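Notes follow once the structure below has been shown.
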Amino acid sequence: MNIDVPAGGEAAKPPLLRVSGVTKRYGAAVALHPIDLEVRQGSFTAILGPSGCGKSTLLRLIAGFAEPSTGKVEIGGRDVTRLGPENRPTNMVFQGYGLFPHMSVAENVGFGLSIARRPRPEIDQRVAEALRLVRLEDFASRRISALSGGQQQRVALARALIMRPLILLLDEPLAALDLKLRQAMQTELRRIHRETGGTFIFVTHDQSEAFSLADNLIVMNEGRIEQAGVPQDVYMRPNTLFVSQFVGDTNILPGIRRGDHVELALGARFSSPGRQGQTTFVLRPEALRLDAATPAGSAPEGTALRCTVEEMLLLGGEARVTLSIGNGETLVARLSDPRDGEAFRPGMTVTVRWADKALSEVGVAA
Amino acid sequence: MTGWPRALRRGLALFPAFGILTGLFFVPIALLFAVSFWSVKSYRLVPGFSPDAYARTFSFYGPLFISTMLIAAAVALLCVTVGFVFAYGARFRSGRYGDLFILATMITLFGGYLVKIYSWKAILSANGILNSALIWLGLVDAPVTWFIFNRGAVIVALAHFLLPFAILPIYSALRNVPDITLEAARDLGASPWATLVRVVLPQCKAGLVAAFAICFLSAAGDYVTPMFLGGGSGIMLGQFIVSEFSTRFNWPVGAAMSFSLMGVSALVIAAVWLAIVGRRG
């Protein structure tokens with residue numbers, strides 16, 4: 001699957017990472033169906049999916065901890081499929097960090113260079129640099145057990161980054177941290193990515209984490225890539241029902257296409273050429289507009305429906321309104337300003353509107 | 001009064017264990033320590049305060065002391081090495097069968113101590129299994145006599161008996177080494193050997209020293225194995241402690257030898273601990 005490349009000369013450059021036709025089987029069980037994937041230099045890529053979707057397996061295949069059953073992994077144009085992690089230009093930040101408990105912070109960070117038999121002054125200097133990058137300058141001689149979870153996370157980052165990997169791999173990097181720390185680390189990771197200019201790939205099951213960090217999003221499910229692209233595009237234009245549901249909330253609207261028009265089960269009809277027969281559209285809750293006034297017929301470029309407010313939830317910074325269409329169908333709308341929500345009370349008749357271009361077709365729902 | 005002070009209650013809870021330890025261990029040891037300064041006059045113990053027993057221990061039994069320490073050290077090193085290889089295999093190379101292998105080593109303990117000594121005798125003696133096999137294979141013409149009744153036979157038999165006691169602490173130390181640290185080392189470019197030396201071994205140092213200590217102390221104090229496999233002249237101090245207490249009825253010397261053995265063994269283990277684990281633990 002090709003990743004969208006921003007306008008400019010970069011499109012001509014070959015991708016830094018190319019995974020082609022990679023599968024992974026454990027006996028009869030298939031962990032990964034054929035995966036094709038390209039990541040360009042300098043990107044911050046998130047592999048997002050529920051647990052068991054194969055995202056960690058894919059990361060381990062890129063790192064070299066597992067060998068694919070079929071297919072090829074290329075980094076910087078070189079085939080690395082048969083190389084172990086010790087021979088790949090990648091380094092990993094492990095879930096749970098895997099720091100060496102018998103070494104100090106500086107010894108942990110310098111481990112890779114010391115294995116590579118770099119001269120002592122170079123190791124000392126690069127350790128200092130790496131610790132400065134993760135803002136742990138004053139912790140060099142601490143023992144690992146004396147560090148907090150967030151500090152250990154930074155040591156793990158420094159230990160991997162000091163190797164100057166072509167690709168930094170992060171396995172659920174923030175999963176073990178509490179919310180406050182997680183948000184702080186997200187900011188840190190963005191800064192470190194910017195300052196190093198490196199290529200980062202991380203695995204997560206947390207969609208908000210993926211959206212706040214990544215400029216390139218890969219959504220996986222059941223061993224397959226469901227969709228890849230710029231996060232905002234994936235959010236606004238989900239290709240599949242799974243993506244629309246896993247990445248944010250969604251309204252699922254079954255319908256039938258006859259000729260150049262689609263009739264949705266909830267009663268709307270709009271122009272949309274394509275494959276005839278049963279189909280499904282999805283609609284993001286924030287694409288809905290509510291209006292207490294009487295409708296003036298059909299909206300331009302969109303749909304307007306009369307409906308009843310069933311439930312209204314004020315959720316701090318936003319409001320969620322559940323609407324009943326009348327024929328048993330419901331819609332959920334999200335209002336970004338909760339003050340708007342206060343105008344709508346359960347039982348009220350309102351008009352809901354949306355632009356037709358906000359609808360994404362995801363094919364026939366299973 | 002609502003109850004006794006906390007410290008007192010805690011003291012009472014400790015009492016049974018403390019009582020058993022005091023009554024069955026410290027008191028006899030203290031008595032024996034006192035006896036080591038007494039003397040013997042015409043088969044009678046005479047209380048006093050004389051260093052004669054210690055002087056005799058180190059002058060007369062000095063070479064034997066060294067020999068005993070060397071045998072114990074050889075046994076302990078053998079057990080720690082073989083035990084580490086076994087425990088490493090069970091921990092990192094056996095998947096979920098690791099615990100099963102450890103259980104199997106524990107089962108060998110049911111065989112008992114004397115049974116093992118006699119089986120080594122059956123293997124190593126002049127008309128034993130090993131010699132029969134060598135003759136049958138045509139590798140030797142006459143039975144080899146140096147398999148048994150020497151230090152080598154004692155070391156092999158003691159190591160065989162003590163191996164499970166080395167495996168246990170090493171395995172439990174290795175269980176606390178996270179797999180992920182091995183993966184991290186590999187990811188940072190470390191070879192399997194470098195990972196072993198720089199990541200695995202340092203993380204299980206305490207277990208290795210514990211295994212060494214258990215095997216060293218058990219071997220240093222043993223007198224049955226050398227009696228059966230070590231030859232007639234005696235090669236370990238324990239054999240002579242027995243004879244000082246029984247046939248010679250020289251309790252002070254026997255006691256002095258016991259305490260010297262304990263003291264020197266403790267020094268050896270302390271030195272090993274300091275050298276390997278260091279002061280930081």
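By convention in this document, chain letters (A, B, ...) are assigned in the order of the sequence lines, proteins followed by strands, and residues within each chain are numbered from 1. These figures come from a predicted structure and were not determined experimentally.
In this structure, OG1 on B/T181 lies 10.0 Å from CG on A/N108, to the nearest 0.5 angstrom. For the atom pair NE2 (A/H102) and CZ (B/R198), the distance works out to 8.5 Å, reported to the nearest 0.5 Å. Note that CD1 of B/I180 is 8.0 Å distant from CG of A/D171, once rounded to the nearest 0.5 Å.
Between A/F94 and B/A184, the shortest heavy-atom contact is CE1-CA, 3.4 Å. Between B/A190 and A/E86 the shortest heavy-atom distance is O-CB, 4.4 Å. B/R186 approaches A/G84 most closely through the heavy-atom pair NH2-CA, 3.8 Å. Listed here is the closest heavy atom pair of B/D187 and A/T90: OD1-O, 3.9 Å.
The 12-atom threshold is exceeded at CZ of B/F92, counting heavy atoms of other residues, nucleotides or ligands nearer than 6.0 Å. A/R191 CZ: more than 12 foreign heavy atoms inside a 6.0 Å radius. Other residues, nucleotides and ligands contribute over 12 non-hydrogen atoms within 6.0 Å of the CZ atom of B/F58. Annotation: A/R190, atom CZ; neighbour count of heavy atoms from other residues, nucleotides and ligands within 6.0 Å is above 12. Shown here is A/F65, whose CZ atom has more than 12 heavy atoms of other residues, nucleotides or ligands within 6.0 Å.
Neither the backbone nor the side chain of A/R88 comes within contact range of chain B; no heavy atom of the residue lies under 4.5 Å from a heavy atom of that chain. Looking at A/M92, both its backbone and its side chain come within 4.5 Å of chain B, counting heavy atoms on both sides. Neither the backbone nor the side chain of A/L113 has a heavy atom closer than 4.5 Å to any heavy atom of chain B.
Contacts with chain A were tallied for B/A185, B/P178, B/S191; B/A185 has the most, counting heavy-atom pairs under 4.5 Å.
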